[in-house]
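Everything on this sheet refers to the single structure shown next.
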Amino acid sequence: MRIPSLTIFVAAIGVGLWTSRSAVSAPVILGDPPTAPEDVSGLPTGISILSVTGGFSVNANSREQVRSFYNSVYLASDGVPMFTTSDVATCTPGTNSTAFKEAVLRRINWFRAMAGMPAAVTLDPTLNAKDQEAAVIMSRNGALSHHPPTSWSCYTGNGDNAASNSNIAIGNAGADAISAYIWDFGANNYEVGHRRWLFYPQTQVMGTGDVPAASGFNSANATWVFDGNFGGPRPATRTPYVAWPPAGYLPYPLAYPQWSFALTNANLSAATVSMKSNGVSVAVSLQPYLNGYGENTLVWVPMGLDATSEATTFPFSGTDTVYTITVTNIQYSTVTTGFTYTVTLFDPTVPGADYAPTTISGTANPGVGQANAYSFTPITNATSYEWRVTRPSGYTLNDGAENGLTNVTVNASAGYVVRDSSVAAAGSYSYHLAHPTPPTDQFLTLNQAFVPKTNATLSIRSRLGYASEVQVARVQVSTDSGSSWADIYSQSGSDGPGELSFTTRPFGLSAYSNREIRLRFKYEIGNGSYYPQTSAGVGWYLDDIIVTNAEVWTVLGTNTVATTNFTFTPPQTTNYNLDVRAYLFTEFPLGWGPAKYVTAIVAPPVITMSPPVVSSGQVLLDFTTTAYASFKLLQADQLTGAWTTNAAATLTTNVAGNSYRFTTQVGPSARFYRVKSP
């Protein structure tokens with residue numbers, strides 16, 4: 001891509017000069033994978049110190065289960081603050097927050113569950129501490145080594161020990177490093193050794209150490225991958241082989257250019273692999289076969305993709321795509337065998353045909369003060385559910401940045417003003433997102449979650465000025481409280497001046513009706529050349545953000561249940577919404593299901609009488625009620641006769657608001673009673 005070194009831009013706002021330079025974000029570098037240890041007798045075989053971060057399982061043949069597993073669990077590891085006490089400049093390893101380490105562990109176990117192996121790995125605090133020292137060594141020296149020389153800055157014996165037992169990387173940290181190891185890019189990683197160690201079925205204990213980019217030093221990660229179970233009995237896996245991408249469904253961003261197939265104790269040196277998509281052959285190139293890293297593994301690259309560059313992505317058309325993989329000529333024991341399986345890549349932001357939300361059944365007119373019963377459809381793998389009561393009210397928005405940042409939350413780099421007064425579609429201000437150096441994604445998120453009606457609309461006035469093709473403006477919606485986001489609009493830069501004026505862009509929101517959504521604007525930066533300026537005319541401008549025909553749901557209460565039933569007791573006559581969401585593995589919520597609109601009414605209580613009991617010349621008449629009210633006792637000597645009020649009967653309370661008793665004198669040999677609420 002060519003970007004002029006000096007560009008003159010003339011517009012109504014005046015004349016400005018910009019210089020543009022080519023820049024890329026700091027590269028991620030993966031070292032060679034560690035070689036198998038000779039002795040693991042001193043390593044732990046099992047320990048647990050953190051909260052729920054594993055024990056995962058998923059049916060990879062269910063699109064919706066995989067989609068939910070990705071959106072609720074995988075994404076829960078993104079963006080977790082490190083809150084580190086490390087300091088690379090002073091060789092201080094420090095510690096990281098428990099939540100950050102849990103995010104790393106959660107990512108490891110997520111990948112293992114998707115690959116069909118035991119996903120209950122835990123972290124050992126001693127291994128974590130050693131890996132912290134290793135991460136400091138790599139960051140401080142800006143290089144990777146499983147056997148760092150003693151002359152390296154910040155060298156320690158513990159760090160050296162950790163480096164020889166760990167996957168190591170610089171340029172990223174935390175859960176991102178785990179995803180990079182599964183990708184396993186780089187000319188030195190043709191055997192995907194990092195992936196193979198993370199997928200070693202016997203492993204039960206790992207460690208993690210991470211430092212952020214600071215003081216001119218790169219971020220770094222060390223993930224300890226060997227424990228005392230190395231070489232022990234192999235546990236059962238979902239299939240005899242372990243493949244990545246795995247058989248079944250997989251979110252397309254996690255299909256990396258290097259595909260692999262592992263089979264323990266098998267000789268794959270003469271194996272062949274073929275791929276088809278929709279019956280059409282896909283070209284594959286086998287990587288050199290190399291053992292010694294986890295289980296014996298065959299690796300190939302489809303479609304001539306570049307497996308050496310982190311920037312390479314696996315092609316995806318936007319619709320579910322099925323690949324059929326056949327591996328043949330596998331020498332296994334005394335036989336020659338083969339396997340065929342399918343992988344379906346899909347967009348995890350798009351529900352499939354098997355999507356079934358938590359739909360509520362029950363009365364649309366619950367009685368005030370009464371416990372009204374409701375039930376809802378279950379979600380597979382849910383460990384609990386949360387239901388809530390909300391009260392709807394009308395909502396509209398017309399935000400032109402004239403009133404400051406009261407309606408939005410800004411997550412942007414320092415060095416420029418997001419509320420801009422130099423460029424506006426109307427009024428005096430607009431919102432401005434740009435990519436100053438070092439470039440990171442910029443966000444503008446509406447503070448108010450809202451619920452579109454069937455005729456709801458969003459309208460913005462947008463102008464994407466100077467921007468390169470890797471600088472992308474996105475309008476995004478989340479239906480799960482911000483855990484995942486889907487584009488409703490995207491626009492890449494033109495590698496030049498771009499738009500010289502604002503364009504009104506409308507969007508219908510009917511697809512999200514009856515569901516609470518969040519709305520954000522993301523100015524994304526990819527790998528490649530970009531415009532780093534923040535001056536007028538560079539970057540993305542937003543003005544007149546308008547939302548119509550929507551509601552805000554005020555939460556009146558939430559409740560957790562283990563079953564698919566609950567009771568709602570409305571306190572007054574008004575409109576309410578009831579909705580439910582499922583939790584996977586105790587702590588990971590899915591999005592809220594569709595709401596049930598109800599209108600509470602004053603309804604007579606339901607009265608249930610117990611059989612009368614005669615005691616000491618008195619008749620005891622117990623009854624229960626769904627709500628407290630005044631009651632009277634009616635009696636008749638014949639069912640078809642006249643009913644009269646027994647004014648002499650005495651009313652007492654068994655359980656306040658629920659159970660009561662009328663007591664009256666014994667009458668004729670046959671008498672009938674009933675309780676009535678006036």
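Side chains included, hydrogens not; waters and symmetry mates left out as well; all remaining heavy atoms used. Predicted, not measured: the structure shown is a model, and the values here were computed from it.
- Applying the salt bridge (charged side-chain N to carboxylate O under 4.0 Å, His left out) criterion to Arg661, with sequence neighbours excluded, gives Asp622.
- Remark: Tyr252 engages Phe316 in a ring pair (Phe, Tyr, Trp, His ring centres under 6.0 Å) (not counting sequence neighbours).
- Residues meeting the side chain to side chain donor-acceptor pair (under 3.5 Å) test with Ser484, sequence neighbours left out: Asp480.
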Open item on the list: Using the rule given for side-chain hydrogen bond (donor to acceptor under 3.5 Å, both in side chains), can you reason through Thr396 versus Asn398, listing the C-alpha separation, both sets of side-chain angles and the distance that settles it, and then say yes or no?
Closed with: CA-CA 7 Å; Thr396 60; Asn398 190 340; over 6 Å; no
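- The environment of Gln572 atom CD is dense: over 12 non-hydrogen atoms of other residues, nucleotides or ligands sit within 6.0 angstrom.
- Within the structure, every pair that satisfies the salt bridge (charged side-chain N to carboxylate O under 4.0 Å, His left out) test and touches residues 66-84, not counting sequence neighbours, is listed here: Glu64-Arg67, Asp78-Arg107.
- Residues satisfying the ring pair (Phe, Tyr, Trp, His ring centres under 6.0 Å) criterion with Trp387, sequence neighbours excluded, are Phe566.
- The backbone N or O of Ala401 sits less than 3.5 Å from a side-chain atom of Asp399, completing a donor-acceptor pair.
- With Tyr395 contributing its side chain and Val547 its backbone, the two residues share no donor-acceptor pair below 3.5 Å.
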Would you be so kind as to tabulate the donor-acceptor pairs closer than 3.5 Å made by side chains of residues 596-607, with sequence neighbours excluded?
unit_1, atom_1, unit_2, atom_2, d
Lys596, NZ, Gly362, O, 3.2
Tyr597, OH, Asn514, OD1, 3.1
Thr599, OG1, Asn575, OD1, 2.8

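- Every ring pair (Phe, Tyr, Trp, His ring centres under 6.0 Å) that Phe568 has, sequence neighbours left out, goes to Tyr576.
- Although no hydrogens or angles enter the test, the distance criterion places a donor-acceptor pair under 3.5 Å between the side chain of Asn372 and the main chain of Gly367.
- Residues Tyr673 and Phe662 place their aromatic rings such that the two centres sit no closer than 6.0 Å.
- Residues satisfying the salt bridge (charged side-chain N to carboxylate O under 4.0 Å, His left out) criterion with Lys522, sequence neighbours excluded, are Asp441, Glu524.
- Annotation: salt bridge (charged side-chain N to carboxylate O under 4.0 Å, His left out) contacts involving residues 375-389, sequence neighbours excluded, comprise Glu386-Arg581, Arg388-Glu516, Arg388-Asp579.
- Evaluated for a side chain to side chain contact (heavy atoms under 4.5 Å, CB included) with Gln618, the options Val613, Thr650, Thr663 yield exactly one hit, Thr663.
- Screening Phe111, Phe588, Trp110 for a ring-ring contact (aromatic ring centres under 6.0 Å, His included) involving Phe69 leaves a single residue, Trp110.
- Of the residues Asn455, Thr457, Val451, the one that meets the side chain to side chain contact (heavy atoms under 4.5 Å, CB included) test with Lys453 is Asn455.
- Using a 3.5 Å distance cut-off with no hydrogens or angles, the side chains of Asn96 and Thr84 do pair a donor with an acceptor.
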- [ ] Could you go through the side chain to side chain contact (heavy atoms under 4.5 Å, CB included) check for Ile108 and Thr223 one step at a time?
- [x] CA-CA 10 Å; Ile108 292 170; Thr223 299; 4.2 Å; yes
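- Ser77 places a side-chain N or O within donor-acceptor distance of the main-chain N or O of Ala103, the cut-off being under 3.5 Å.
- Residues meeting the salt bridge (charged side-chain N to carboxylate O under 4.0 Å, His left out) test with Arg674, sequence neighbours left out: none.
- Residues Phe56 and Phe585 place their aromatic rings such that the two centres sit under 6.0 Å apart.
- Residues passing the ring pair (Phe, Tyr, Trp, His ring centres under 6.0 Å) test with Tyr355, sequence neighbours excluded: none.
- Checked by atom type and distance alone, the side chain of Thr358 pairs as donor or acceptor with a backbone atom of Val580 at under 3.5 Å.
- Residues forming a side-chain contact (heavy atoms from CB on, under 4.5 Å) with Ser375 (at least two apart in sequence, or on another chain): Ser361, Asn565.
- Relative to the ring axis of Tyr429, Arg419 places its NZ or CZ within 45° and under 6.0 Å from the centre.
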